[in-house]
Amino acid sequence: MSDPTVESAPSNFIRNIIDADIESAKHQQVVTRFPPEPNGYLHIGHAKSICLNFAIAQDYPDAVCHLRFDDTNPGKEKSEYIEAIKEDVRWLGFDWGDSLHHTSDYFEQLYAYAVQLVKQDQAYVDSLSAEDIRLYRGNLTEPGKDSPYRNRSVEENLELLEKMKTGEFAEGEHLLRAKIDMAAPNINMRDPAIYRIKNMSHPMTGDTWHIYPMYDFAHCVSDAIEGITHSLCTLEFEDHRPLYDWFLEQLQTPARPQQIEFSRLNLDYTIMSKRKLHELVEGGFVDGWSDPRLPTLSGMRRRGYTPAAIRDFCSRIGVTKKDNIIEMSVLENSLREDLNTTSSRALAVLDPIKLIIDNYPDDQEEMLTGVNHPKDPEMGHRDVPFSKVLYIERSDYMADAPKKFFRLSEGREVRLRFAYYVTCTHVVKDEQGEVLEVHCTYDPETRGGKSADGRKIKGTIHWVSAQHAVTAEVRMYDRLFTIPAPASEKERDYKEFINPESIQVLKGCQLEASMAGAEKRAYQFERQGYFCLDSVDSSADALVFNRIVSLRDSWAKKK
RNA sequence: UGGGGCGUGGCCAAGUGGUUAAGGCACGGGGUUUUGAUCUCCGCAUCCCAGGUUCGAGUCCUGGCGCCCCAGCCA
């Protein structure tokens, strides 16, 4: 396994349990698993679980983490998702080695275990309708009551189960249930379903089965079969733990995995529910699963997030049982920290306005040197062409600017990054009063951006030479929702809170010449943020960049 | 009002009866700086409430209060 190993994984209550289990010699080897259902794409919430499980496998001697597709419901699952999930896990930097499994690999064993339960008179075939089963289950405060089919003989149950298996019944006609206690205070223990009839072919097993196991039965047994020692899942499964343990106890499985629950990740200004993500994708509210605004791993990848940043984020947020909503700034901080050290710099003008240096010779051009990283000389430097007519950012000029505005305004001098000091003399406007051109004079003695007299220049702005610039489209992304917790909105639909400005497309952006050869990696456009080529829409003759994240901007905050 | 969980600063999170309650993010302020970036320094809580046990409690006990999850032949 690669990089992740070097990162320090902070301790948490789960690791404390594992430490104690090793200390007490309950286990010699730790085995975890990441068990996605292939019914959608992975998101940052899954990354939390992936990092937890795989990092444990990296940190404990001889430990392993299995990747297991929980494919027990052919009605919802597709192999398309399996491939996407594998790609995402790999991209995050983890390796399941030869531990790739599917719950469907165990269908035969699962069935044998079900037969065993029937033989032990701990499971029965119910023939109530779905509606009646619901009625018989009772509710939160009232106990349920026994199904009239609850006391069928073992022989009859065996016979019916076999027929269910071979497809002799229609869906919904029968159901295999555990015989536990219809009056249990925990509703999960009120004779939960074990197998339901689904006359459907399965991506992995084709048409061999007409019945498919339910999660509660399949998951614990699969864990036991694989010798999982610690089965980590989210809080909503807490109530299922007694059932998890019940199955393994009745079946007397050799291995007894321990289920431990932790709280799922919530991030503000976005949604994490698979159902809602499906809805956004299928409803065309976003551009597919890999829309850069989505918290899906494929979306974040396209946006330009790095695996290292996501791993760092996951280790910072911790693992507990407390409900939480993490602020986006934590994620962005992890991102910026990584991007700051790894990305080389470039000058790019997103909202261009012409800057004309009146005392610079008309036909002259020269090559200046730009450092690729201000703190890392190893990243080298590059040539940046300079000439009389430049583009600068529209927001870098202001008439009647306040004292603290360290940019251009009539009479003020600024430094053009890597180039010269220029002083604004006047501007040219159109009939509407829009500024068309900013005119300046430059000081030839300040080549490279420094002066012999040591005069202090407070402001440095970026620029590109108009005749050398390459034009590009730049997509600026912002939070997908306008409120911090769209998912917990009770009165209104979360889709009403989609941020209409979550994507802003800028055309005609002017980038420094070297960007014509931009590679598939992140760049910092100085003073603006981190950007990368869009993997889908960018081409050599029509560059499209995504803004991964902006730079911190204490000036904007102050205003 | 059945069952299961959770409650330490704005958001996370250490803390497992005994120094002035770690750390990160955010926020406020100072310094450095050819990115108002980076870097750096400083500031920023008595632990949901109320009783109790103890020489000593965020950590133990009792009673409240608040929030989350569960009534799929989904996972």
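Letters A, B, ... are given to chains in the order of the sequence lines, protein chains preceding strands, and every chain is numbered from 1.
Taking syn as a glycosidic angle within 90° of 0, B:G72 qualifies as syn.
OP1 or OP2 of B:A13 lies within a sub-4.0 Å distance of a side-chain N or O belonging to A:Thr320. The side chain of A:Lys557 places an N or O atom within less than 4.0 Å of a non-bridging phosphate oxygen (OP1 or OP2) of B:C27. Considering only side-chain N and O atoms, A:Ser334 lies nowhere under 4.0 angstrom from the phosphate OP1 or OP2 of B:C25.
For A:Phe34 and A:His66, the distance between ring centers is not under 6.0 angstrom. Taking the six-membered ring where the residue is Trp, the centroids of A:Phe237 and A:Tyr215 are separated by under 6.0 Å. For an aromatic pair to be called close, the ring centres must be under 6.0 Å apart, and A:His202 with A:Phe107 satisfies this. Aromatic rings of A:His278 and A:Trp289 (six-membered ring for Trp) have centroids within the 6.0 Å cut-off, being under it. When ring centroids are compared, A:Tyr113 and A:Phe247 stay outside the 6.0 Å threshold.
Between the base of B:U35 and the side chain of A:Gln528 there is no donor-acceptor pair shorter than 3.5 Å. Residue side chain A:Glu327 reaches the base of B:G10 through a donor-acceptor N/O pair under 3.5 Å, judged by distance alone.
Pair check for B:G18 finds B:C55; Watson-Crick or G-U wobble, both atom distances under 3.5 Å. Nucleotide B:G43 is matched to B:C27 when pairs are restricted to Watson-Crick or G-U wobble geometry with both distances under 3.5 angstrom. With both pairing distances under 3.5 Å, B:A13 is matched to nothing as a Watson-Crick or G-U wobble pair. Base pairing of B:U62: its partner is B:A50, meeting the Watson-Crick or G-U wobble criterion (both donor-acceptor distances under 3.5 Å). Of all nucleotides present, none satisfies the Watson-Crick or G-U wobble test against B:U1 with each distance under 3.5 Å.
A:Leu265 contributes atom CG, which lies 6.0 Å from atom NZ of A:Lys48 (distance to the nearest 0.5 angstrom).
Remark on RNA chain B: of its neighbouring residues A:Ile325 and A:Phe418, the 5'-side contact belongs to A:Ile325, judged by nearest-heavy-atom nucleotide. For the pair A:Asn16 and A:Thr446, both in contact range of RNA chain B, the more 5′-proximal nearest nucleotide belongs to A:Asn16.
Between A:His46 and A:His43, the ring-plane angle classifies as tilted under the 30° and 60° cut-offs.
Looking at the side chain of A:Val330, the nearest of the listed nucleotides B:G24, B:G36, B:C12 is B:G24.
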Exercise for the section: Report, as a single string ordered 5' to 3', how protein heavy atoms within less than 4.0 Å touch nucleotides 38-45 of chain B: B base, S sugar-phosphate only, - not at all. Expected result: BS------
Exercise for the section: Let me have a per-nucleotide readout for nucleotides 70-75 of chain B, 5' to 3', with B, S or -, counting only protein heavy atoms under 4.0 Å. Expected result: BBSBSB
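For the ring-ring contact (aromatic ring centres under 6.0 Å, His included) with A:Trp463, the lone residue among A:Tyr442, A:Tyr397, A:Phe386, A:Phe418 that qualifies is A:Phe386.
Per the geometry, CD1 belonging to A:Ile14 stands 15 Å off C1' belonging to B:A13, to the nearest Å. Atom CG of A:Leu335 is separated from atom P of B:C25 by 14 Å (rounded to the nearest Å). Protein atom CG of A:Leu235 is 10 Å distant from nucleotide atom P of B:G5, rounded to whole Å. Taking atom CD on A:Glu526 and atom P on B:A37, their separation rounds to 13 Å, with Å as the unit. Between the CE atom of A:Met398 and the P atom of B:G36 there is a distance of 15 Å, given to the nearest Å. Rounded to whole Å, atom P of B:U35 lies 13 Å from atom CZ of A:Arg407. Rounded to a whole Å, the CH2 atom of A:Trp246 is 22 Å from the P atom of B:G3. Here the C1' atom of nucleotide B:A37 and the CZ atom of A:Phe406 are 15 Å apart, to the nearest Å.
The same atom, P, is picked in B:C11 and in B:U16; the two are 24 Å apart, to the nearest Å.
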Pairwise N/O distances under 3.5 Å, protein to nucleotides 6-9 of chain B:
unit_1 : atom_1 : unit_2   : atom_2 : d
B:U8   : OP2    : A:Lys322 : NZ     : 2.7

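Nucleic acid contact class of A:Phe405 (heavy atoms, under 4.0 Å, all strands): base. Across all strands, A:Ser263 comes closer than 4.0 Å to no nucleic acid atom at all (heavy-atom distances). Using a 4.0 Å heavy-atom criterion, one finds that A:Arg415 contacts the bases of the nucleic acid, with or without backbone contacts as well. Heavy atoms of A:Tyr212 sit nowhere under 4.0 angstrom from any nucleic acid atom.
The pair A:Glu226-A:Arg33 does not meet the salt-bridge criterion, since no charged nitrogen lies less than 4.0 angstrom from a carboxylate oxygen.
In this structure the side chain of A:Phe531 reaches within 4.5 angstrom of the side chain of A:Leu350, judged on heavy atoms.
A:Leu347 approaches A:His462 most closely through the heavy-atom pair CD2-CB, 3.8 Å.
Shown here are the salt bridge (Lys or Arg N to Asp or Glu O under 4.0 Å) partners of A:Glu131, two or more places apart in sequence or in another chain: A:Arg134. Remark: A:Asp126 pairs with A:Arg177 by the salt bridge (Lys or Arg N to Asp or Glu O under 4.0 Å) rule, at least two apart or across chains. Not counting sequence neighbours, A:Arg415 has no partner by the salt bridge (Lys or Arg N to Asp or Glu O under 4.0 Å) test.
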